[in-house]
Amino acid sequence: ADGAIRVLCCTATLAWGVNLPAHTVVIKGTEVYDPQKGKASDLSILDVMQIFGRAGRPQFDSFGEANMITTHDALARYLDKLVRDVPIESNFIKQLPDHLNAEITGGS
(Lines give C-alpha, C1' and ligand atoms only; values in the text may rest on other atoms or scores of the structure.)
Protein backbone atom coordinates (compact mmCIF):
# COMPACT_ATOMS: atom_id res chain seq x y z
CA ALA A 1 0.00 0.00 0.00
CA ASP A 2 1.20 3.51 -0.70
CA GLY A 3 2.67 5.25 2.32
CA ALA A 4 2.70 2.16 4.52
CA ILE A 5 5.69 1.44 6.74
CA ARG A 6 7.03 -1.95 5.69
CA VAL A 7 9.85 -2.24 8.25
CA LEU A 8 10.32 -0.36 11.49
CA CYS A 9 13.49 -0.69 13.58
CA CYS A 10 13.23 0.55 17.14
CA THR A 11 14.24 0.06 20.76
CA ALA A 12 12.20 -1.82 23.36
CA THR A 13 10.87 1.53 24.59
CA LEU A 14 8.47 1.71 21.64
CA ALA A 15 6.87 -1.57 22.72
CA TRP A 16 5.80 0.00 26.01
CA GLY A 17 4.77 3.48 24.92
CA VAL A 18 2.78 3.19 21.72
CA ASN A 19 0.03 0.85 20.53
CA LEU A 20 1.92 -0.38 17.50
CA PRO A 21 0.72 -3.76 16.21
CA ALA A 22 2.92 -5.72 13.82
CA HIS A 23 2.69 -8.97 11.90
CA THR A 24 6.25 -10.02 12.72
CA VAL A 25 8.59 -8.83 15.46
CA VAL A 26 12.29 -9.62 15.80
CA ILE A 27 14.33 -9.04 18.92
CA LYS A 28 17.88 -8.70 17.60
CA GLY A 29 20.03 -9.23 20.66
CA THR A 30 18.95 -9.46 24.27
CA GLU A 31 21.72 -7.57 26.06
CA VAL A 32 20.83 -4.04 27.11
CA TYR A 33 22.79 -1.52 29.15
CA ASP A 34 21.55 -1.24 32.74
CA PRO A 35 22.64 2.12 34.21
CA GLN A 36 21.87 0.95 37.76
CA LYS A 37 24.32 -1.96 37.38
CA GLY A 38 26.71 -0.04 35.16
CA LYS A 39 26.93 -2.91 32.67
CA ALA A 40 24.97 -4.89 30.12
CA SER A 41 22.32 -7.32 31.34
CA ASP A 42 19.60 -9.52 29.86
CA LEU A 43 16.51 -7.85 28.44
CA SER A 44 13.80 -8.52 31.01
CA ILE A 45 11.25 -11.23 30.31
CA LEU A 46 8.50 -8.60 30.72
CA ASP A 47 10.08 -6.57 27.90
CA VAL A 48 10.31 -9.72 25.76
CA MET A 49 6.65 -10.56 26.35
CA GLN A 50 5.59 -6.96 25.68
CA ILE A 51 7.51 -6.91 22.39
CA PHE A 52 6.25 -10.36 21.36
CA GLY A 53 2.72 -9.21 22.19
CA ARG A 54 2.90 -6.73 19.30
CA ALA A 55 2.86 -9.59 16.78
CA GLY A 56 -0.43 -10.78 15.34
CA ARG A 57 -2.96 -8.61 17.11
CA PRO A 58 -6.40 -10.24 16.58
CA GLN A 59 -8.02 -7.08 15.22
CA PHE A 60 -5.33 -6.79 12.50
CA ASP A 61 -4.03 -10.33 11.77
CA SER A 62 -5.12 -13.95 12.04
CA PHE A 63 -1.65 -14.85 13.37
CA GLY A 64 1.71 -13.27 14.15
CA GLU A 65 5.34 -14.26 14.34
CA ALA A 66 7.89 -13.43 17.03
CA ASN A 67 11.59 -14.19 16.76
CA MET A 68 14.44 -13.62 19.18
CA ILE A 69 18.14 -13.65 18.33
CA THR A 70 20.23 -14.31 21.44
CA THR A 71 23.20 -16.29 22.73
CA HIS A 72 23.00 -20.00 23.51
CA ASP A 73 23.57 -19.19 27.19
CA ALA A 74 20.63 -16.80 27.33
CA LEU A 75 18.36 -18.99 25.18
CA ALA A 76 17.79 -21.55 27.94
CA ARG A 77 16.93 -18.81 30.45
CA TYR A 78 14.43 -17.17 28.09
CA LEU A 79 12.79 -20.47 27.13
CA ASP A 80 12.37 -21.33 30.80
CA LYS A 81 10.84 -17.93 31.56
CA LEU A 82 8.54 -17.96 28.52
CA VAL A 83 6.96 -21.32 29.38
CA ARG A 84 6.69 -20.71 33.12
CA ASP A 85 4.21 -18.33 34.75
CA VAL A 86 5.96 -15.28 36.15
CA PRO A 87 4.29 -13.46 39.03
CA ILE A 88 3.91 -9.76 38.34
CA GLU A 89 4.09 -7.46 41.33
CA SER A 90 3.23 -3.80 41.13
CA ASN A 91 5.68 -1.19 42.40
CA PHE A 92 3.07 1.56 42.22
CA ILE A 93 2.68 1.76 46.00
CA LYS A 94 6.32 2.83 46.32
CA GLN A 95 5.63 5.94 44.25
CA LEU A 96 2.08 6.56 45.46
CA PRO A 97 2.92 9.79 47.35
CA ASP A 98 4.61 11.23 44.24
CA HIS A 99 1.64 10.34 42.04
CA LEU A 100 -0.85 11.78 44.52
CA ASN A 101 1.15 15.01 44.79
CA ALA A 102 1.29 15.27 40.99
CA GLU A 103 -2.50 14.81 40.74
CA ILE A 104 -3.15 17.40 43.44
CA THR A 105 -0.69 19.88 41.93
CA GLY A 106 -2.11 19.33 38.46
CA GLY A 107 -5.62 19.97 39.71
CA SER A 108 -6.98 16.64 38.58
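These values consider heavy atoms only, across backbone and side chains, with no hydrogens, waters or symmetry-generated copies.
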Original post:
Considering residues, nucleotides and ligands other than Gln36, do more than 12 of their heavy atoms fall under 6.0 Å from its CD?
Top reply: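 Open.
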Subject >> Asp61 versus Gly56, closest heavy-atom pair with distance >> reply: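 Looks like CB-CA, 3.9 Å.
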Original post:
Which atoms form the tightest heavy-atom contact between Glu65 and Ala55, and what is the distance?
Top reply: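 So the minimum-distance heavy-atom pair works out to O-CB, 3.3 Å.
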According to a 4.5 Å side-chain heavy-atom criterion applied to Ile, Leu, Val, Met, Phe, Trp and Tyr, with indirect links allowed, do [X] and [Y] form part of one hydrophobic cluster?
X     : Y     : value
Ile27 : Val32 : yes
Ile45 : Leu75 : no
Met49 : Val83 : no

Original post:
In the hydrophobic clustering that connects Ile, Leu, Val, Met, Phe, Trp and Tyr at side-chain heavy-atom distances below 4.5 Å, which members other than Ile69 occupy its cluster, ordered by chain and number?
Top reply: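 Direct or chained contacts put Ile69 with Val26.
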**OP:** State plainly whether the residues Asp80 and Arg84 are in salt-bridge range, i.e. N to O under 4.0 Å.
**Re:**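 Yes, Asp80 and Arg84 are salt-bridged.
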Original post:
Is any side-chain N of the basic residue among Lys39 and Asp34 closer than 4.0 Å to the acidic one's carboxylate O?
Top reply: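 No, Lys39 and Asp34 are not salt-bridged.
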Original post:
Would you say the ring centroid of His23 lies under 6.0 angstrom from that of Phe63?
Top reply: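 Distance test on ring centres: under 6.0 Å, yes.
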Original post:
Distance from Asn91 atom CG to Leu96 atom CG, nearest 0.5 Å?
Top reply: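 That separation rounds to 12.5 Å.
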Check whether any side-chain heavy atom of [X] sits under 4.5 Å from a side-chain heavy atom of [Y], and report yes or no.
X     : Y     : answer
Asn67 : Val25 : no
Phe52 : Met68 : yes
Arg77 : Asp42 : yes

Original post:
Under the side-chain contact (heavy atoms from CB on, under 4.5 Å) criterion, do Glu31 and Thr70 qualify, and how do the steps go?
Top reply: CA-CA 8 Å; Glu31 281 196 340; Thr70 190; over 6 Å; no
Original post:
Backbone N or O of Leu43 within a donor-acceptor pair of the Asp47 side chain at under 3.5 Å?
Top reply: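 The answer is no, because no donor-acceptor pair under 3.5 Å joins these two groups.
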